[in-house]
Amino acid sequence: WLNIPGYDSIFYAINYQLTTMDVNEYSQQLMKLIALYIGNHSLINSFISLIIQRTNAYDTKAVFTLITLIHIIFKEYENKQHIVYTNKLDYYLIQSSFRITITIDNSLNIAKFIWLYYKNAHVISKVHLIEITNNIFLVEFFNLFFHWSWQVRNAFYYILLYIFGHRFKGKIPVVDYERSTN
């Protein structure tokens, strides 16, 4: 990207769009352009951080836009399978957004986040996937398993079956939570 003439202009134009526009107004083209920056992990993380900061957690459409952007980035990672980028993505930003969403208890946003994890579990690095699943199954299990919304319960059941299916097949190592916390 640095060798492309006008790189600075493109970067500042994207940054200007992200800071001046409402999150609900982000276009698909802008999100796809952001996803093309996956080679520069510090920029992609700063873009995600900026969008998370500008997203109102009570605005379902804005949260859906954020999740759509993250999904587009994961799809770009999947297209570039020969290069390992997913270890460089800041999953803690995404997990903190998920925790805020669970705290607010907006069922559509929670279900959308769970579907994001479900659809992209094959792209997420194993270390981060273990952290995500430990958070979901050890911390939030009862909140999600017995949630009042059928959308959240249904999405949770899908990810529950998917993760356990892969653990039994040996694709995701089982972490001894007691040993890892001591």
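Both backbone and side-chain heavy atoms feed into the values below; hydrogens, waters and symmetry mates do not.
- Nearest heavy-atom pair across Val23 and Ala62 is CG1-O, 3.7 Å.
- Residues Ile72 and Ala35 approach most closely at CG2-CB, 3.7 Å, considering heavy atoms.
- Residues Lys32 and Glu76 fail the side-chain proximity criterion, which asks for heavy atoms closer than 4.5 Å.
- To the nearest 0.5 Å, the span separating OG1 on Thr20 from CD on Glu25 amounts to 9.0 Å.
- Minimum heavy-atom separation, Met31 to Thr65: SD-O, 3.8 Å.
- Ring geometry for Tyr158 against Trp115 counts as tilted: the plane angle lies between 30° and 60°, on a 0 to 90° scale.
- Distance check: Ile102 CD1 to Ser97 OG gives 11.5 Å after rounding to the nearest 0.5 Å.
- Between Leu18 and Leu30 there is a side-chain heavy-atom pair separated by less than 4.5 Å.
- Under the 4.5 Å side-chain contact rule for hydrophobic residues, Leu66 and Ile104 do not share a cluster.
- Counting heavy atoms from C-beta on, the side chains of Ile94 and Phe113 come closer than 4.5 Å.
- The hydrophobic clustering, which links ILVMFWY residues whose side-chain heavy atoms are closer than 4.5 Å, places Ile67 and Tyr58 apart.
- If you check the side chains of His128 and Gln95, you find no donor sitting under 3.5 Å from an acceptor.
- When every heavy atom of Ser149 is checked against every heavy atom of Gln151, the shortest pair comes out as OG-OE1, 2.7 Å.
- Residues Gln17 and Tyr26 have side chains that never bring a donor and an acceptor to within less than 3.5 angstrom of each other.
- Here CD1 of Ile136 is found 12.0 Å from CG of Asn143. Values are rounded to the nearest 0.5 Å.
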Side chain to side chain contact (heavy atoms under 4.5 Å, CB included) between Leu144 and Arg153, worked out: CA-CA 6 Å; Leu144 298 174; Arg153 288 192 314 267; over 6 Å; no

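- Judged by distance alone, with hydrogens and angles left aside, the side-chain atoms of Ser46 form a donor-acceptor pair with the main-chain N or O of Leu43 at under 3.5 Å.
- Residues Arg99 and Val139 fail the side-chain proximity criterion, which asks for heavy atoms closer than 4.5 Å.
- Because its NZ or CZ atom is both nearer than 6.0 Å to the ring centre of Phe64 and within 45° of the ring axis, Lys112 counts as a cation-pi partner of that residue.
- No hydrogens or angles considered: nothing links the side chains of Thr101 and Asn106 as a donor-acceptor pair under 3.5 Å.
- In this structure, Phe47 and Ile14 have side chains that are in contact, with non-hydrogen atoms separated by less than 4.5 Å.
- Asn109 CG to Lys61 NZ: the interatomic distance, rounded to the nearest 0.5 Å, is 13.5 Å.
- Side-chain contact between Phe98 and Ile114 is present, with heavy atoms from C-beta onward closer than 4.5 Å.
- Between Phe145 and Phe141, the two ring planes are parallel [angle under 30°; tilted spans 30° to 60°].
- Contact detail for Ala57 and Val63: the closest heavy-atom pair is O-CG2, 3.9 Å.
- Using a 4.5 Å cut-off between side-chain heavy atoms of Ile, Leu, Val, Met, Phe, Trp and Tyr, with links allowed through other members, Leu93 and Tyr77 fall into the same hydrophobic cluster.
- Nearest heavy atom pair, residue Ile44 against residue Ile34, reads CD1-O, 3.0 Å.
- When hydrophobic clusters are built by joining Ile, Leu, Val, Met, Phe, Trp and Tyr residues whose side-chain heavy atoms come closer than 4.5 Å, directly or via intermediates, Ile51 is grouped together with Tyr12.
- Listed for the Asp90 side chain is no donor-acceptor partner under 3.5 Å among the backbone atoms of Asn45.
- Interatomic distance, Ile159 CD1 to Thr133 OG1, rounded to the nearest 0.5 Å: 8.0 Å.
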Trace of the side chain to side chain contact (heavy atoms under 4.5 Å, CB included) decision for Tyr162 with His122: CA-CA 11 Å; Tyr162 176 78; His122 63 285; 4.2 Å; yes

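- By the 4.5 Å heavy-atom criterion applied to side chains, Asn15 and Leu50 are counted as neighbours.
- Annotation: the span from Ser107 atom OG to Ile110 atom CD1 amounts to 7.0 Å, rounded to 0.5 Å.
- In terms of modelled atom types and a separation under 3.5 Å, the side chain of Arg54 and the main chain of Ser49 share no donor-acceptor contact.
- Classification of the Phe137-Phe156 ring pair by plane angle, with boundaries at 30° and 60°, yields tilted.
- Put simply, Tyr92 and Val123 are part of two different groups of oily side chains (I, L, V, M, F, W, Y) that touch within less than 4.5 Å, one to the next.
- Two residues are said to be in side-chain contact when any heavy atoms from C-beta on lie closer than 4.5 Å; Trp148 and Asp105 meet this criterion.
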